Chemist: 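So that we are looking at the same thing, I have put the structure below in structure tokens.
Because the structure is predicted, anything quoted here is derived from the model rather than measured. Labels below follow one simple rule: chain letters A, B, ... track the order of the sequence lines, proteins then strands, and each chain is numbered from 1.
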There are 2 protein chains.
Amino acid sequence: MEISDRKKKILTAVIEEYIASAEPVGSKTIAELGDLDLSSATIRNEMAELTTMGYLEQPHTSAGRVPSPKAYRLYVNELMNRQRLSLEETDTINESLSNKIQQFDKLMSDVGKLASSLTQYPAVSVAAPRAATISRFDLIYVDANTFIAVAMLSNSTVQNKLVHLPFSVEQGMIVRLAAVFNTNFVGISDDKITPSLISSVERACGDTMGLVSVIAAFAIDTLNKAKEGEAYVSGASHLLRLPEFRDPDKAHELMNYLSDSEHLLGLPDDGVDDIQVLIGPENVAKELQDSSVVIARYNAGDNMRGIIGVVGPTRMDYSAVAAKLSYIAAGLSRLMGMSEAPRGFEKLQIKGMEMITDEHKEDSP
Amino acid sequence: MEISDRKKKILTAVIEEYIASAEPVGSKTIAELGDLDLSSATIRNEMAELTTMGYLEQPHTSAGRVPSPKAYRLYVNELMNRQRLSLEETDTINESLSNKIQQFDKLMSDVGKLASSLTQYPAVSVAAPRAATISRFDLIYVDANTFIAVAMLSNSTVQNKLVHLPFSVEQGMIVRLAAVFNTNFVGISDDKITPSLISSVERACGDTMGLVSVIAAFAIDTLNKAKEGEAYVSGASHLLRLPEFRDPDKAHELMNYLSDSEHLLGLPDDGVDDIQVLIGPENVAKELQDSSVVIARYNAGDNMRGIIGVVGPTRMDYSAVAAKLSYIAAGLSRLMGMSEAPRGFEKLQIKGMEMITDEHKEDSP
DNA sequence: TACTGGCACTCTCGCCCTCTGAGTGCTAAT
DNA sequence: ATTAGCACTCAGAGGGCGAGAGTGCCAGTA
């Protein structure tokens with residue numbers, strides 16, 4: 001059966017009422033809203049039909065109706081009106097992002113915190129794994145027992161390691177090693193760094209003290225680290241505020257699931273849309289079957305992708321959450337993803353100096 | 001009134017029973033343990049006195065007794081027998097630590113996760129703030145628009161930044177800048193990097209394009225980052241397992257408190273003992289008044305101090321938690337704090353190669 | 001004098017019962 | 001097609017009751 005316009009209106013009203021109250025919605029409540037000029041009896045009939053059509057559910061006979069996942073899906077796809085953020089809200093987000101972006105390594109977790117405090121739901125922040133090779137290598141001589149290894153990766157990140165040695169090396173050796181590494185280790189993936197390569201390099205520069213091994217280990221370590229994704233969860237405690245998680249066992253189950261980042265690292269792969277909503281049973285993980293997830297993807301240039309997501313009950317304010325997340329994601333892409341434009345420069349301004357970015361735009365994209 | 005030996009024994013029994021069961025303990029339960037050969041009536045009398053002395057409390061007239069904070073304090077100070085970890089447990093810890101220590105920047109949060117999973121309580125991992133200066137500076141030329149700034153700090157950490165420029169610079173300029181920075185910026189604290197210093201340096205190397213500012217900003221940023229402490233919370237969901245946090249509001253309050261790292265950064269300062277137990281009202285924060293905190297301090301060399309702590313109900317298995325935490329802390333100090341011995345070297349072994357460390361010792365220190 | 005058995009007393013907790021009220025489905029009237 | 005009206009259902013709140021755990025106290029015993 002096709003769903004009539006009037007049914008859609010009623011369904012929308014039920015969903016929005018339920019999102020606000022978390023309690024089953026009765027026909028009388030809807031009638032009294034006054035949006036549609038219908039008696040409660042008429043609405044009752046419509047709601048009965050919506051129930052047989054699978055859009056509404058009754059917890060028990062004499063209770064009101066609760067939207068089904070199918071209803072939320074319809075709501076998200078066509079019923080809800082996409083919310084625009086207020087100027088105030090976009091300003092807050094822009095300001096937070098500008099501040100956060102100063103410290104690149106904390107960015108991931110800070111963005112999660114921002115999303116969480118903005119939406120009042122737990123947020124997950126995930127950086128997609130990305131393959132990388134070393135594109136430049138350097139060794140900085142500090143003293144006879146110490147040098148710093150620096151590796152710049154193909155994804156434009158730089159890693160370093162301070163190495164103390166239990167013996168002395170002369171500066172010339174360090175310089176020679178750097179040169180050899182730059183010819184042998186640049187542009188290859190970590191599984192190409194085999195023991196046989198290491199020993200041939202050892203012979204090439206006359207290293208008998210295991211220096212090459214140490215540096216090669218650093219290279220492997222760095223590449224591995226780059227390959228791994230990262231995942232952070234922020235604001236998990238927001239869950240406990242919600243009526244659907246008053247039961248500590250339920251809350252515990254979900255929080256436990258979220259705290260294992262293994263589960264979250266898979267998220268960035270499937271799905272192509274900029275923003276994606278997974279409602280209840282649409283989630284594959286059984287721990288999420290009663291919850292919904294809103295995910296925004298961003299592209300931070302240099303083949304680094306990430307997602308920022310929010311977890312909540314199926315009764316979630318999809319409209320507001322989606323608007324906020326996509327604004328954050330767009331802001332991230334804008335601030336970080338300008339591969340063409342000069343990068344890094346604008347991140348290094350002294351506090352108080354103006355950021356070199358576009359002027360703030362308050363349109364949510 | 002002085003507390004007799006027999007009272008101590010009874011108190012210990014009550015505390016341990018309560019720690020295990022989370023329910024008020026009656027005289028009969030203690031009598032049936034058989035540890036002391038006394039009738040329930042005698043124990044009843046003793047418990048009544050312990051109550052007037054302030055060691056026990058009654059939730060209501062006809063319930064058993066619950067230990068007071070004062071009782072836990074006595075228990076921790078002299079009653080409990082300090083637990084030794086099993087060989088198995090120490091092996092697990094040692095192994096985890098060896099693995100974690102590979103990736104220095106994740107160490108903090110990983111150690112928290114370890115403590116949390118070991119104790120089954122939420123854990124906090126805090127790195128104390130530490131002042132630092134730059135002890136060596138280097139700029140690595142990548143291409144005409146790109147260089148890498150590397151700063152080694154007095155605390156032996158190394159930071160770097162990839163800098164893209166919206167214009168070209170020649171390699172000679174980069175080299176000259178590095179030299180100038182090494183003479184002007186080494187050994188000074190961040191508040192010495194004033195605009196006037198920057199402009200004098202700018203004049204010294206003929207920089208008209210703001211390069212010096214960019215690099216100085218990196219220096220300030222790096223020093224600031226080093227000065228800030230870091231705090232992580234792991235395994236907060238463990239709280240929900242505990243009977244005292246079945247009430248979602250209580251759990252929410254504590255989790256909320258913990259999630260704001262501001263509160264935790266203060267922890268490392270006060271207190272001098274290696275291991276410290278704060279019971280209920282001994283905590284200054286009102287959110288912790290009903291909970292206990294066990295803190296272990298470690299010293300990771302290079303003037304880096306940190307604490308690893310566990311938060312739980314006052315009814316906490318102090319003995320086991322303290323043993324585990326202090327073993328972890330000692331392990332950290334051992335693995336990282338060997339300032340005299342070669343450092344860094346042992347962290348860079350290829351996976352599968354043996355770690356260069358002391359053999360595992362199963363003594364808890 | 002120190003301990004113990006016994007007993008009356010108290011109070012929580014779980015259980016059952018009842019009652020109320022919200023919400024429904026259906027029918028007859030408009 | 002819509003609505004008013006009505007009988008029906010059922011969760012949840014409130015009250016009463018009994019069981020059981022634990023206590024304090026007293027009198028008796030070693």
Chemist: How long is the straight-line distance from CG of B/Asn283 back to CD of B/Gln289, given to the nearest 0.5 Å?
Modeler: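 Taking CD in B/Gln289 and CG in B/Asn283, the distance rounds to 7.0 Å.
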Chemist: Does any N or O in the side chain of B/Gln120 come within less than 3.5 Å of the main-chain N or O of B/Ser117, such that one atom is a donor and the other an acceptor?
Modeler: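 Yes: the side chain of B/Gln120 pairs with the backbone of B/Ser117.
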Chemist: Rounded to whole Å, how long is the line connecting atom NZ of A/Lys7 with atom C1' of D/dA1?
Modeler: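 Distance, rounded to whole Å: 13 Å.
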Chemist: Restricting to nitrogen or oxygen on both sides, can you table the protein-nucleotides 9-13 of chain C pairs closer than 3.5 Å?
Modeler:
| from | atom 1 | to | atom 2 | distance (Å) |
| --- | --- | --- | --- | --- |
| C/dC11 | O2 | B/Ser62 | OG | 3.0 |

Chemist: How long is the line joining CD of A/Glu46 and P of D/dT2, in whole Å?
Modeler: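 Distance, rounded to whole Å: 8 Å.
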Chemist: Nearest 0.5 angstrom please: B/Lys286 NZ to B/Tyr257 OH, how far?
Modeler: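 So the NZ of B/Lys286 and the OH of B/Tyr257 are separated by 9.0 Å.
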Chemist: Quick check for you: to the nearest 0.5 Å, what is the distance between B/His252 atom NE2 and A/Arg246 atom CZ?
Modeler: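 The NE2 atom of B/His252 sits 9.5 Å away from the CZ atom of A/Arg246.
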Chemist: Which residue lies toward the 5' end of DNA chain C, A/Gly26 or B/Ser40, if each is placed at its nearest nucleotide?
Modeler: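 Counting from the 5' end, the first nearest nucleotide belongs to B/Ser40.
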Chemist: Rounded to the nearest angstrom, tell me the gap between atom CD in B/Gln58 and atom P in D/dA21.
Modeler: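 Taking atom P of D/dA21 as the reference, CD of B/Gln58 is at 17 Å.
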Chemist: Output the rounded distance in Å from CD1 (B/Ile43) to C1' (D/dG24).
Modeler: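 My rounded result for the distance is 16 Å.
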Chemist: Identify whether any heavy atom of A/Ala63 sits under 4.0 Å from a base atom; if not, whether one sits that close to sugar-phosphate; answer base, sugar-phosphate or nothing.
Modeler: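 Touches sugar-phosphate only.
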Chemist: Please name the residue in the list B/Val277, B/Leu118, B/Val294 that meets the side chain to side chain contact (heavy atoms under 4.5 Å, CB included) test with B/Val321.
Modeler: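 So, applying the side chain to side chain contact (heavy atoms under 4.5 Å, CB included) to B/Val321 and each of B/Val277, B/Leu118, B/Val294, only B/Val294 qualifies.
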Chemist: For A/Ile30 and C/dA22, give me the distance from atom CD1 to atom P, rounded to whole Å.
Modeler: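 Going from A/Ile30 (CD1) to C/dA22 (P), I get 16 Å.
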Chemist: With respect to the side chain of B/Thr42, which nucleotide from C/dT4, D/dG5, D/dG24 is positioned closest?
Modeler: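 Looking only at heavy atoms from C-beta outward on B/Thr42, the closest nucleotide is C/dT4.
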Chemist: Would you mind telling me which of C/dT24, D/dT3, D/dT23 lies closest to the side-chain atoms of B/Arg65?
Modeler: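 Minimum distance to the B/Arg65 side chain belongs to D/dT23.
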Chemist: Nearest whole Å is fine: how far is C/dT24 C1' from A/Glu57 CD?
Modeler: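 Going from CD in A/Glu57 over to C1' in C/dT24 covers 17 Å.
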Chemist: Which one, C/dT4, D/dA4, D/dT23, comes nearest to the side chain of B/Asn45?
Modeler: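 Given the options C/dT4, D/dA4, D/dT23, the side chain of B/Asn45 is closest to C/dT4.
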Chemist: Just checking A/Ser27: base, sugar-phosphate only, or nothing, at a heavy-atom cut-off of under 4.0 Å?
Modeler: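 The answer is sugar-phosphate, as A/Ser27 gets under 4.0 Å only of primed atoms, P, OP1 or OP2.
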Chemist: Can you tell me how far apart OG (A/Ser4) and CD (A/Glu46) are? Round to the nearest 0.5 Å.
Modeler: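 Answer for the OG-CD pair, A/Ser4 versus A/Glu46, is 5.5 Å.
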Chemist: At what distance, to the nearest 0.5 angstrom, does CD of B/Glu17 lie from CZ of B/Arg65?
Modeler: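 Rounded to the nearest 0.5 Å, the CD-CZ separation comes to 15.5 Å.
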Chemist: If you compare every side-chain N and O of B/Arg44 against the phosphate oxygens of C/dG6 (OP1, OP2), does one of them come in below 4.0 Å?
Modeler: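 Checking B/Arg44 against C/dG6: no side-chain N or O falls below 4.0 Å of OP1 or OP2.
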Chemist: Of the options C/dG25, C/dT24, C/dC3, whose atoms approach the side-chain atoms of A/Met47 most closely?
Modeler: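 Of the options given, the side chain of A/Met47 lies nearest C/dT24.
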Chemist: Measure CZ/B/Arg6 against P/C/dA2 and give the value in whole Å, please.
Modeler: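 The answer, rounded to whole Å, is 9 Å.
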Chemist: Calculate the interatomic distance between B/Glu32 atom CD and D/dG22 atom P; express it in whole Å.
Modeler: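 Taking atom P of D/dG22 as the reference, CD of B/Glu32 is at 9 Å.
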